[in-house]
Amino acid sequence: MQTKLRWDPRVLEPIFKEIYSLQMANKKDYIPLLYGVSNSTKDRESYEGVGAEGLMEEWGQSNNQVYYEDIDELWQQVIRNRKFSDGRIIERDFIDDLKLTQIKNQIIGLADAVYKTQQLQAVEFLNNAFLSQGPNFRGRIEKYLGPDGKPLCAADHPYSPTNSTDVQSNLGNKPLTIDSWDETATAMQEWVDDKGNLMAVVPDTIIVAPYNARAAFKIAGLPDADLPKYEPGSNHFDANMYMGNLKVIVDPFIHPSQRKNWWAMDSARKERLNQWQWRRKPENGSITDFDTEVTKHKVVGRWGFGFINYSFIFGHNVQD
């Protein structure tokens, strides 16, 4: 940061933007780890629920012609892009008196606020995975039901809008151990689609708060570590088939009230079933007020997020 400032918007704005950019550069972004990220071109995006693709048919069984599968409609999900903002007011006296640390801290604080907002929003689907409604990133109560009318993790997800008799579960209550992971992974791989065929789910990711980081890495192993591949707690040197084959996401923004909960995720399926859409990525800029002799530096953006279907994740609501 230069040591000489002038009360001139042409000087101040580039400096403020550079401080902001440098502060954001090295922050870990969990959004691409938890969502399929895309750009939006409208006020809201509609995601049409599409049923199972079915299976191929033998040529002779389809009268020696191409077999065309009937695909049913599932639930529609509409994700609205909302507008968010934050800003800082810097008095001219700060500039004239070269209070560089105070000025820098104002902009750093603004960047931190933007970062934390997005990261706290990104875990709302986890914090409220077992609820029909709950607190958002600012503590306001919102609805968190999925398109099928159930919480993200529930014991009774219906197969389709026309079949609510057959249901399946992505809800558990067991602490994270290799045995509970094994049971969960098996359950996910046995899920079927609305036609009764296996979904081919591949759970490859454990999502935890810092509380469960140690348990998660005991199962998955440490990245790039040459460790004995034994099951945690095994006295018989049983091989751990999961070590090196699972990813772990330790997200520090998961609310402390959810510290013991954990989730198994199919990272490929979340790309299309858990959506984060950018309508306008956060933009920052300044304006100087002639009458009040303050400069205002703002950040404004528009985005939306939400899940389309539950079948990318299995959650355990662990009670004390």
Side-chain angles (χ1 to χ4, degrees), residues 24 26-38 115-131 134 136-137 144 146 151-153 170-189 201-225 227 232 240-278 303 305-318:
M24 295 293 280
N26 295 320
K27 294 182 180 295
K28 182 171 182 177
D29 187 4
Y30 292 89
I31 294 172
L33 302 177
L34 299 172
Y35 292 83
V37 181
S38 61
Y115 171 72
K116 287 189 293 185
T117 294
Q118 294 170 0
Q119 302 309 314
L120 289 170
Q121 288 176 336
V123 296
E124 285 183 16
F125 81 102
L126 298 174
N127 289 336
N128 297 287
F130 313 105
L131 305 171
N136 66 9
F137 71 106
Y144 287 94
L152 173 60
C153 298
N170 69 337
L171 173 64
N173 59 8
K174 295 185 176 180
L176 179 57
T177 66
I178 192 168
D179 290 332
S180 58
W181 168 265
D182 192 51
E183 181 180 326
T184 299
T186 300
M188 294 176 74
Q189 291 173 87
V201 176
V202 181
D204 61 356
T205 304
I206 308 173
I207 306 172
V208 295
Y211 177 89
N212 264 327
R214 186 177 180 186
F217 282 112
K218 280 185 177 181
I219 298 169
L222 294 171
D224 303 319
L227 299 173
N240 182 359
M241 67 179 186
Y242 298 117
M243 188 170 288
N245 296 314
L246 295 178
K247 293 172 284 187
V248 175
I249 299 174
V250 181
D251 196 319
F253 294 96
I254 295 173
H255 195 273
S257 64
Q258 310 295 311
R259 65 201 301 253
K260 293 186 178 181
N261 296 340
W262 61 279
W263 296 264
M265 184 175 71
D266 180 328
S267 61
R269 292 180 70 87
K270 64 89 176 168
E271 288 292 322
R272 59 187 178 88
L273 298 180
N274 201 31
Q275 285 294 309
W276 183 286
Q277 57 195 37
W278 293 113
W303 58 86
F305 49 92
F307 61 92
I308 314 304
N309 187 278
Y310 71 90
S311 60
F312 69 97
I313 200 165
F314 193 115
H316 283 266
N317 188 12
V318 181

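This is a predicted model, so every value here is computed, not measured. Excluded from the calculations below are hydrogen atoms, water molecules and symmetry mates; all remaining heavy atoms, backbone and side chain alike, are included. Just so you know, residue 1 is the first one in the sequence shown, and it goes up from there.
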(Q) Tell me which one of Tyr35, Tyr30, Phe305 satisfies ring pair (Phe, Tyr, Trp, His ring centres under 6.0 Å) with Phe125. (A) Tyr35
**Q.** Crowding at OH, Tyr211 (>12 non-hydrogen neighbours, <6.0 Å)
**A.** no
Q.
Can you classify the ring geometry of Trp181 versus Trp262 as parallel (below 30°), tilted (30 to 60°) or perpendicular (above 60°)?
A. tilted
4.5 Å side-chain heavy-atom contact, [X] and [Y]:
| X | Y | result |
| --- | --- | --- |
| Val37 | Gln277 | no |
| Asn136 | Asn127 | no |
| Pro151 | Leu131 | no |
| Leu273 | Phe307 | no |

Q: Go through the steps for Asp29 and Gln118 under the test side chain to side chain donor-acceptor pair (under 3.5 Å), then give the verdict.
A: CA-CA 9 Å; Asp29 187 4; Gln118 294 170 0; over 6 Å; no
Q: Verify whether one side chain among Gln121 and Trp276 offers a donor that lies under 3.5 Å from an acceptor in the other.
A: no
Q) Can you check side-chain contact (heavy atoms from CB on, under 4.5 Å) on Asn261 and Gln258, steps first, answer last? A) CA-CA 5 Å; Asn261 296 340; Gln258 310 295 311; 2.7 Å; yes
Q | Evaluation steps, side-chain contact (heavy atoms from CB on, under 4.5 Å), between His255 and Val123 | A | CA-CA 8 Å; His255 195 273; Val123 296; over 6 Å; no
**Q.** Nearest non-hydrogen partners of Gln275 and Ser38, listed with the distance
**A.** OE1-OG, 3.5 Å
Donor-acceptor list for residues 311-318 side chains, cut-off 3.5 Å, not counting sequence neighbours:
residue: Ser311; atom: OG; partner: Arg269; partner atom: NH2; Å: 2.7
residue: Ser311; atom: OG; partner: Asn309; partner atom: OD1; Å: 2.7
residue: His316; atom: ND1; partner: Asn173; partner atom: N; Å: 3.3
residue: His316; atom: ND1; partner: Lys174; partner atom: N; Å: 3.1
residue: His316; atom: NE2; partner: Thr184; partner atom: OG1; Å: 2.7
residue: Asn317; atom: OD1; partner: Gln319; partner atom: NE2; Å: 3.2

Q: Assess whether side-chain contact (heavy atoms from CB on, under 4.5 Å) is satisfied between Ile206 and Ile219, documenting all intermediate values.
A: CA-CA 9 Å; Ile206 308 173; Ile219 298 169; 4.3 Å; yes
